[in-house]
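Worksheet: the structure to be examined is printed underneath.
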Amino acid sequence: MANAPVDSPVSAAAGKIKNKKLLDWVEEVAAMCRPDRVHLCDGSDQEYQLMIRIMLQSGSAISLNPERRPNSIYVRSTTVDVARVEDRTFICSKTQDEAGPNNNWEEPTRMRRRLTELFTGSMRGRTMYVIPYCMGPLGSPIAKVGVEISDSPYVVANMHIMARVGTKVLEQLGADGDFVKGWHSVGAPIGPNEQDSAWPCNSEHKYICHFPETREILSFGSGYGGNALLGKKCHALRIASVQARDESWLAEHMLILKLTSPKGEVKYVTGAFPSACGKTNLAMLISTVPGWKVETIGDDIAWMKFGDDGRLYAINPEAGFFGVAPGTSMKSNPNAMLTITKNSIFTNCALTPDGDVWWEGMTDEKPAELMDWLRRQWTPDSARLASHANARFTTPAKQCPVIAKEWEDPKGVPIDAILFGGRRATVIPLVIESFDWQHGTFLGATASSETTAAAAGKVGQLRRDPMAMLPFCGYDMGSYFAHWLKIGATPGAKMPKIFVVNWFRKDEKGKFLWPGYGENSRVLKWIFERCNGTANAVDTPIGRLPRPEDLDVGGLDIPAANLSKLLNVDVEGWLGEIPLIHQFFDQFGERLPKALRDEVNRLEQRLKK
Ligand code: GTP
Ligand code: SPV
Ligand code: MN
């Protein structure tokens, strides 16, 4: 990398870019943002180490103790930049109707004007990094290329872990390949005599904008997670959901797991759970039912396309995990703990005196002293959390001890079951099997969950989060539901079975009724056997449910009363949902498929019988 500003910061990088569209764009962004330097990312380990050094030198990062956690760093953001900002996230489609009631919308030309003002000169004093990335295994027919331009070395380092990046992607792109453009600036230019701050961002202006028609993302003002790592939520969900609609496939907020029975039979399962509702944990769980095994393919996003055999094949577009730290422990998720032993980035956790990280729930006993995520001394008597509730680890997927051998298979894995989950203290049972695809789509479309710290705003508010896609669907959700129904009606399609799960039911005292985590394997086993037609279920007004004796709870110490509550149909509760579902559906107007309205009516009739 050139260290001194040169006359044309773009020229060195430009010489290596063969793709005309990319070259023009890099020049356009550089001319607007006025960085001191331009760095075309090659994706090498040297480059990763350089990013780490830059962050260490600027005070952005601290090296963790290499004996405890080799090649790993600790980073803290500021209080105004700790999570996705849903109220600052926009879908700038031509019309507001296309963005739908589920998205903030702004007219594209107006938003561009506003963003041009903000991006102008926004990279002064900084290096502009050009990061070619591939979502999905290189060469996979399901994978897609994007290029993120960012002024943040933290973003570059994270993208190295989360996606396939660098020269190999540029080669795949070729001279005339197409790609998604992602503009990103932390929005904090450095003046001539100014020092950089430890976590540069813009505390006044944040915009996470998507232009679905031109397949562009413009993200300004934040350096955190889904706001800044544009391959993830912005590209792989918001832009990709629009592409998926246009090209008849599915881009979903789903984990992908491989489930093997004691007989060695394999099924692949995807699961949509809202942010911080258990995808990473389920994707790498250790079964408590003897002989059953879960292996990980992905923990956050699934792209699914039909194979020639009419089945849906899923790939994980990502290469790493950006996982919720709090609650992760050797008890709750040992495989995650073993994944993050090295080569990882920790953001907004607490720091131990011996240079390691800690977060709430990591150990039964709290450390005697810590530095909290806001750089203050902390002891167990401190009346506050040591790590932020949305503290995260960034870690390579290939380090996961239970990563499935086929996790990078370019053709994907054939899906047998799709799960919809959420945090529901009441009403929703432990598991429901849908009657058919349309009913399953209805259950997904009406799913609701309590909000979490993954997004800025109130925590614990119950809201509808259809298919866990409310913050991530790049177009009108009425049309998205229609797309789901259309996919299910594809001629010759062999669709997965759809299930609802809820690990978060509570008793009157607010205690979880279900132990969760590894014990969720008992539900996975039932789902597996339902797919094979070997487990029992009873038809109820809300769907097919196991009776307590249909679920393998051998060796599990759970009161019979809890189990019957977990598998009970709360008729009153469901009847109470009916008007709320109608109300929710009303906002989509004409675009709501009639079939979903029929499903509510049928549900009501069955409940009243
Ligand atoms: P994102 O990365 O934001 O998309 O989150 P995620 O869906 O991957 O959620 P994750 O698995 O990281 O879990 C989030 C929180 O839920 C953690 O604090 C977990 O400890 C907790 N959690 C996960 N699974 C269970 C479960 O089965 N039962 C209970 N009670 N809590 C769980
Ligand atoms: C989520 O919020 O669903 C995440 C974290 O997976 S982020 O990448 O910040 O979106
Ligand atoms: Mn997520």
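Not measured: the values here are computed from a predicted model. Residues: numbered from 1 along the sequence shown. Just follow the structure's listing: the first ligand is 1, and inside any ligand the first atom is 1.
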Item to check | Contact residues of ligand 2, where a non-hydrogen atom lies under 4.0 Å away | outcome: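 Lining ligand 2: Arg84, Gly225, Gly226, Lys232, Lys233, His253, Ser275, Asp300, Phe322, Arg392, Ala454, Phe472.
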Item to check | Non-hydrogen atoms of Ala445 and Phe584 that approach each other most closely | outcome: O-CE2, 3.4 Å
Next on the checklist: Show the nearest heavy-atom pair for residues Trp373 and Leu385, with the distance to one decimal.
Outcome noted: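 Answer, listing the atom of Trp373 first, then Leu385: CD1-O, 4.5 Å.
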Checklist entry - Is it true that Lys279 and Asp299 make a salt bridge, defined as a side-chain N closer than 4.0 Å to a carboxylate O? => result no
Checklist entry - Would you call Asp570 and Lys565 a salt bridge, using N to O less than 4.0 angstrom? => result no
Next on the checklist: For Phe528 and Trp292, take the angle between the two ring planes, folded into 0 to 90°, and tell me which bin it lands in: parallel under 30, tilted 30 to 60, perpendicular over 60.
Outcome noted: perpendicular
Checklist entry - What class does the angle between the rings of His160 and Tyr48 fall in, given that below 30° is parallel, 30 to 60° is tilted and above 60° is perpendicular? => result tilted
Checklist entry - List by chain and number: which residues place a heavy atom under 4.0 Å from ligand 1? => result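 Residues near ligand 1: His253, Pro274, Ser275, Ala276, Cys277, Gly278, Lys279, Thr280, Asn281, Asp300, Phe322, Val324, Pro326, Gly327, Arg392, Arg423, Trp503, Phe504, Phe512, Gly516, Tyr517, Asn520.
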Checklist entry - Any side-chain donor-acceptor pair under 3.5 Å between Gln399 and Thr339? => result no
Item to check | Evaluation steps, ring pair (Phe, Tyr, Trp, His ring centres under 6.0 Å), between Trp503 and Tyr517 | outcome: CA-CA 8 Å; Trp503 319 139; Tyr517 301 102; 9.8 Å; no
Item to check | His253 NE2 to Leu237 CG distance, which is reported to the nearest 0.5 Å | outcome: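 Spacing of NE2 (His253) from CG (Leu237) equals 6.5 Å.
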Checklist entry - Within a reach of under 6.0 Å around CD of Glu204, are more than 12 heavy atoms found that belong to other residues, nucleotides or ligands? => result no
Checklist entry - What protein N/O/S atoms are found closer than 2.8 Å to the Mn ion (ligand 3)? => result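 Hits for the Mn ion (ligand 3) below 2.8 Å: Lys233 NZ, His253 NE2, Asp300 OD1.
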Item to check | Thr280 and Asp300: CA distance, side-chain angles, deciding distance, side chain to side chain contact (heavy atoms under 4.5 Å, CB included) verdict | outcome: CA-CA 7 Å; Thr280 302; Asp300 200 49; over 6 Å; no
Checklist outcome for this item: salt bridge (Lys or Arg N to Asp or Glu O under 4.0 Å) pairs touching residues 421-432, sequence neighbours excluded, are Arg424-Glu577
Item to check | Stepwise side chain to side chain contact (heavy atoms under 4.5 Å, CB included) test for Val80 and Trp199 | outcome: CA-CA 10 Å; Val80 296; Trp199 181 272; over 6 Å; no
